[in-house]
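A, B, ... follow the sequence lines: proteins, then strands. Residue 1 opens every chain.
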Amino acid sequence: MEHVYDHQEIERKWQARWAEQHTFRALDPGDEGFDPSQPKVYVLDMFPYPSGEGLHVGHPIGYIGSDIFSRYMRMRGANVLHPMGFDSFGLPAEQYAVETGVHPRITTERNIANYVRQLKAIGLSYDWDREIATTDPDYYRWTQWIFLRLFGSWFDREADAARPIDELMAALEAGERDADGVSWSALDEKARRRFIDGQRLAYLDEVMVNWCPALGTVLANEEVTRDGRSDRGDHPVYRRPLRQWMLRITAYADRLIDDLALVDWPESVKAMQRNWIGRSDGARIDFPIAGSSTRIDVFTTRPDTVFGATYMVLAPEHHLVAELTAEQWPEDTREAWTGGAADPASAVERYLVEAARKSERERQAEVKQKTGVFTGSFCVNPVNDEPIPIFVADYVLMGYGTGAIMAVPGQDQRDWEFAEQFDLAIIRTVQPPSDFEGDAYLGEGPAINSDFLDGLDVEQAKASIIEWLEAEGFGGAIVSYKLRDWLFSRQRYWGEPIPILHGPDGEMRPVDDLPLLLPEVDDFRPASSDDENAEPVPSLSKAPDEWRFVEVDGVRFERELNTMPQWAGSCWYYLRFIDPRNDVRLVGEGVERYWMDPRGVDLYVGGVEHAVLHLLYARFWHKVLYDLGHVSSAEPFGRLFNQGLIMAHAYRDGRGVYVPADKVEERDGAFWYDGQQVEQSYGRMGKSKKNGVNPDEFFAKHGVDALRLYEMFMGPLGDSKPWTTRDVVGVVRFLHRLWRNLVDPDSGGLLVSDVSPDPDLAVLLHRTIKAVTADMVGLRFNTAVARLFELNNALVGLDAVPREVAEAFILLLAPIAPHICEELWERMGGEGGLAHVPWPEYDEDLAVEEMVVMIVQVDGKVRDRLEVPVDISEEDARAAALDSEKVAGHLEGEPSRVIVRPPNLVNIVSR
RNA sequence: GCGGGCGUAGCCGAACCGGCAUAGGCGCCGGACUUAGGAUCCGGUGGGUCUCAGACCCGCUGUGGGUUCGAAUCCCACCGCCCGCACCA
């Protein structure tokens, strides 16, 4: 028994050979050996952040799936680009640096080396010559370059596209455009600059941010917990305005929605993106203030209900709050409206202080209990001149619509609740059905109490009132979005420096000499404080003065000290893989067109957690680059696939402490660890739950091919499913069985001969080729593996496997379990490895049996099975079925009908 | 509340178009090999009945309806679960 399957030696041998021979190098047009007649396929994984913990077996499932597809497409002859790199800027390395003083660059390099080792151990067929890291200056040089394109562009609404800002300036100077209604020639230099800077796709603006003094940085909304504390470290987070870099993603809102029609993505991801962008069509209505030129502009999706507007609400941050706060309470002010204050100013003041103290999360947690206060002022309903009291309440958000609403309690549940609480009038303007029992009525119905709208249905009433508003100058149809511009600056060290110089007078200049390297600092600690009023201080303010200050034309400029968020590098990395060493361009034009035109990346595999942010940001950048002529496809990722998570059971003892999952035993329907009963739970695999499976141990025991097979065989690639160590033995047996079927254990010689397969085996082989081929394209690797199991089982006990069968089998399995297949292929005389050996073809005639089983049903129940020729005629099938004795026993009298579907089925209807 | 998706055996799952429900794997049962085996190999595995190497019958895809000769598949209602968003006017 010398010649058994030794996975370790085989893996070492073939992984070394792939590396040596650059087996998976992707050839570009013009490269030696490049075949322009073949189609191109760009297969991309979402590149990882190289964390210090390395990979566990749950991580690579998507990589294995995309690798199988890549290997399959190579065998199909396609030119395959399948690269890997690292999204290596980010907080953990910086945090680690704060704790240990080790420079993030060192940590990052170390972690990347470990990741590369682990990924290579899985046998993934990346073109490692194209490896990139977002922290590499040769890479982030181009991230900075793209930022400068954003800075140097504006969004032309008429063209619905970004254009270089020089073209805007030329048009202004030529008098073809004006600056928001003001003639260009009427503006001084500073005003002109302010206007231009306000038009850029990358611009500075004062916005509300999540400020965490303890961490010394602003945080993205996703980094703040529901109770208004920092996700990392659980520190308090405050809302405050701050001047920050913003990217004008909102200009692309409609294109980001519309172009989802161009891509083959999961419907759920498209839905999430649409939802995030949150387009809603409605109207703006301006409510005049009596005796003033001021108007309150509101956004509503239900302009048809305007006759039912019984009060107004401004968000606490609304710019008109101060102006509309009256000196004294009007006579008919109710007690519930005042908050118990002596005058409107103090009531509003007190309310604003409270509202500001609350985080957005806290605000949302108070959905049940509405709060608010009367300003003492009224506006006028333009449709009927009724006075309407104006309130300030934080259930209206400044960030959506206009930050002010007309409240229509009759048709809005939130307004209803507020109205009940504050004793405000409720007027229904849509007639609910007679059996309606709820509060606010949101459904269809004829308009009532609405003057000239009465009797119209909702859609007609909307159209009618919008026409009226436009005619009378009180507003009109508008569109509102939930999407906001992208807050792009961070006060962190470990990110791309923003390449801008600030001069006196607010002048900004781009840094053209890229890359702008991160300066060295002694201390990576962010400026931390427990004072909520502390000013945010970027880490780069600790850079030496030589870096911070630059003299340009005799004037002292200061460098921008904020860095970019982690999303920046991942917004365009798929482009750099195409041309990773180009030092004159982001990506060469010819190769970019070859790999990206017309649908972009052909298969993009990654986790659904990136459904919105990464994928939306990347699409935005891509569209800007497209508008400016740097890329040739409208969308970056033509086909997206989300792999499912590998889940695992975890176990906790009586104290709630996790115990090692691999040491837990099941007995009598309960789970036991070390003599005591433990409780089972289910969730993501992870170190803290002690339910992770170490890949190194797995490889040592069963091998990489077993891991790849197992993870693909568990179930559909897109589903989340539980890791069950017990089940692994199935694929291990499969591999040993395969080896035994082809290799003589005594001599090590091949059990393969040049005989033809018998007809049954030939049919099975060709059916398997057909099925596996279809599964490869559809990424249904679980069923592909099942088919290969069947074929393998059919070879058991043969004295010799027909060569034709053995070769095809190895080729079919090769993308999934490449190591054992390379070894067997070589032993069978194949030369040069099998990465580019043509995929087996099936013969449709051979995939069909001559005789098949036809089922005979009586009233839909199977009563007999008959062996019939595949090409049986309808008449013969009917006759054979009616001839069946078993059928006769279930028939009384003449059948009323006979359905014949040769050669599969005959259904006899007795009734 | 809104949006997306799912429910098949003891477990993971298969079944592109409506046509033999449960392929493949695990587990379990039996056998072989063996000093032994939780290793490996071979066979069986929805339930029931009988005259038990076989035959016959029945049931079955979360629940209840509908369409159809025929439904896991299509339609309606309900129940349960997962994911995302959520005071978005």
Pairing partner (Watson-Crick or G-U wobble, both distances under 3.5 angstrom) of [N]:
{"N": "B:C81", "result": "B:G5"}
{"N": "B:C87", "result": "none"}
{"N": "B:U22", "result": "none"}
{"N": "B:C56", "result": "B:G48"}
{"N": "B:U34", "result": "none"}
{"N": "B:C74", "result": "B:G66"}

Considering only atom [atom1], compute the distance from [N] to [M] and round it to an integer number of Å.
{"N": "B:U61", "M": "B:A14", "atom1": "C1'", "value": "12 Å"}
{"N": "B:G13", "M": "B:U51", "atom1": "C1'", "value": "40 Å"}
{"N": "B:A77", "M": "B:G19", "atom1": "P", "value": "24 Å"}
{"N": "B:G80", "M": "B:A72", "atom1": "P", "value": "24 Å"}
{"N": "B:G18", "M": "B:C75", "atom1": "P", "value": "11 Å"}
{"N": "B:A23", "M": "B:G43", "atom1": "P", "value": "16 Å"}
{"N": "B:G64", "M": "B:U73", "atom1": "P", "value": "13 Å"}
{"N": "B:A9", "M": "B:A86", "atom1": "P", "value": "36 Å"}

[X] [atom1] to [N] [atom2]: how many Å, rounded?
{"X": "A:Ile908", "N": "B:C69", "atom1": "CD1", "atom2": "C1'", "result": "11 Å"}
{"X": "A:Asn275", "N": "B:C85", "atom1": "CG", "atom2": "P", "result": "9 Å"}
{"X": "A:Lys462", "N": "B:A89", "atom1": "NZ", "atom2": "C1'", "result": "12 Å"}
{"X": "A:Leu397", "N": "B:A89", "atom1": "CG", "atom2": "C1'", "result": "9 Å"}
{"X": "A:Met647", "N": "B:C81", "atom1": "CE", "atom2": "P", "result": "16 Å"}
{"X": "A:Glu885", "N": "B:C56", "atom1": "CD", "atom2": "C1'", "result": "14 Å"}
{"X": "A:Lys370", "N": "B:A89", "atom1": "NZ", "atom2": "P", "result": "14 Å"}
{"X": "A:Gln273", "N": "B:G4", "atom1": "CD", "atom2": "C1'", "result": "14 Å"}

Checklist entry - Yes or no on side-chain hydrogen bond (donor to acceptor under 3.5 Å, both in side chains) for A:Thr429 and A:Gln411, after CA distance, side-chain angles and deciding distance? => result CA-CA 8 Å; A:Thr429 59; A:Gln411 270 79 228; 2.7 Å; yes
Next on the checklist: Let me spell it out: for each of A:Val269 and A:Val608, pick the nucleotide of RNA chain B with the closest heavy atom. Which residue's pick is nearer the 5' end?
Outcome noted: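 It is A:Val269, whose closest nucleotide lies nearer the 5' terminus.
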Checklist entry - If only side-chain N and O atoms of A:Lys886 are considered, is one of them under 4.0 Å from the OP1 or OP2 phosphate oxygen of B:C56? => result yes
Next on the checklist: Do the side chains of A:Lys462 and A:Glu459 get close enough for a salt bridge, i.e. N-O under 4.0 angstrom?
Outcome noted: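 Looking at A:Lys462 and A:Glu459, the cut-off is met.
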Checklist entry - What one-letter contact string describes nucleotides 11-30 of chain B from 5' to 3', where B marks a base within less than 4.0 Å of any protein heavy atom, S marks contact via sugar-phosphate atoms alone, and - marks no contact? => result -SSS----BBS-BBBSS---
Checklist entry - With a non-hydrogen cut-off below 4.0 angstrom, is A:Lys861 in contact with a base, only sugar-phosphate, or nothing? => result sugar-phosphate
Checklist entry - How is A:Arg863 classified with respect to the nucleic acid when contacts are heavy atoms under 4.0 Å: base, sugar-phosphate, or nothing? => result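 If one applies the 4.0 Å heavy-atom cut-off, A:Arg863 turns out to touch the sugar-phosphate alone, with no base involved.
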Checklist entry - Where do A:Pro316 and A:Val392 come nearest, in terms of heavy atoms and distance? => result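 Closest pair (atom of A:Pro316, atom of A:Val392, distance): CA-CG1, 3.7 Å.
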Under a 3.5 Å cutoff, is there a donor and acceptor pairing between the side chains of [X] and [Y]?
{"X": "A:Asp297", "Y": "A:Thr402", "answer": "no"}
{"X": "A:Tyr651", "Y": "A:Asn691", "answer": "no"}
{"X": "A:Asn907", "Y": "A:Arg897", "answer": "no"}

Checklist outcome for this item: Closest to the side chain of A:Tyr400, out of B:A89, B:C42, B:C41, is B:A89
Checklist entry - Do the side chain of A:Lys482 and the base of B:C85 come within less than 3.5 angstrom through a donor-acceptor pair of N or O atoms? => result no
Checklist entry - Under the side chain to side chain contact (heavy atoms under 4.5 Å, CB included) test, which residues partner A:Pro432, sequence neighbours left out? => result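 A:Pro432 satisfies side chain to side chain contact (heavy atoms under 4.5 Å, CB included) with A:Arg428, A:Phe436, A:Tyr441 once adjacent residues are dropped.
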Next on the checklist: Parallel, tilted or perpendicular: which one describes the rings of A:Trp723 and A:Phe698, with boundaries at 30° and 60°?
Outcome noted: perpendicular
Next on the checklist: Angle between ring planes, A:Trp739 versus A:Tyr5, binned at 30° and 60°: parallel, tilted or perpendicular?
Outcome noted: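 It falls in the tilted class, 30° to 60°.
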Next on the checklist: Apply the syn/anti split at 90° from 0 to B:C16 and say which one it is.
Outcome noted: anti
Next on the checklist: If the glycosidic angle sits within 90 degrees of zero it is syn, else anti. Tell me which applies to B:C17.
Outcome noted: syn
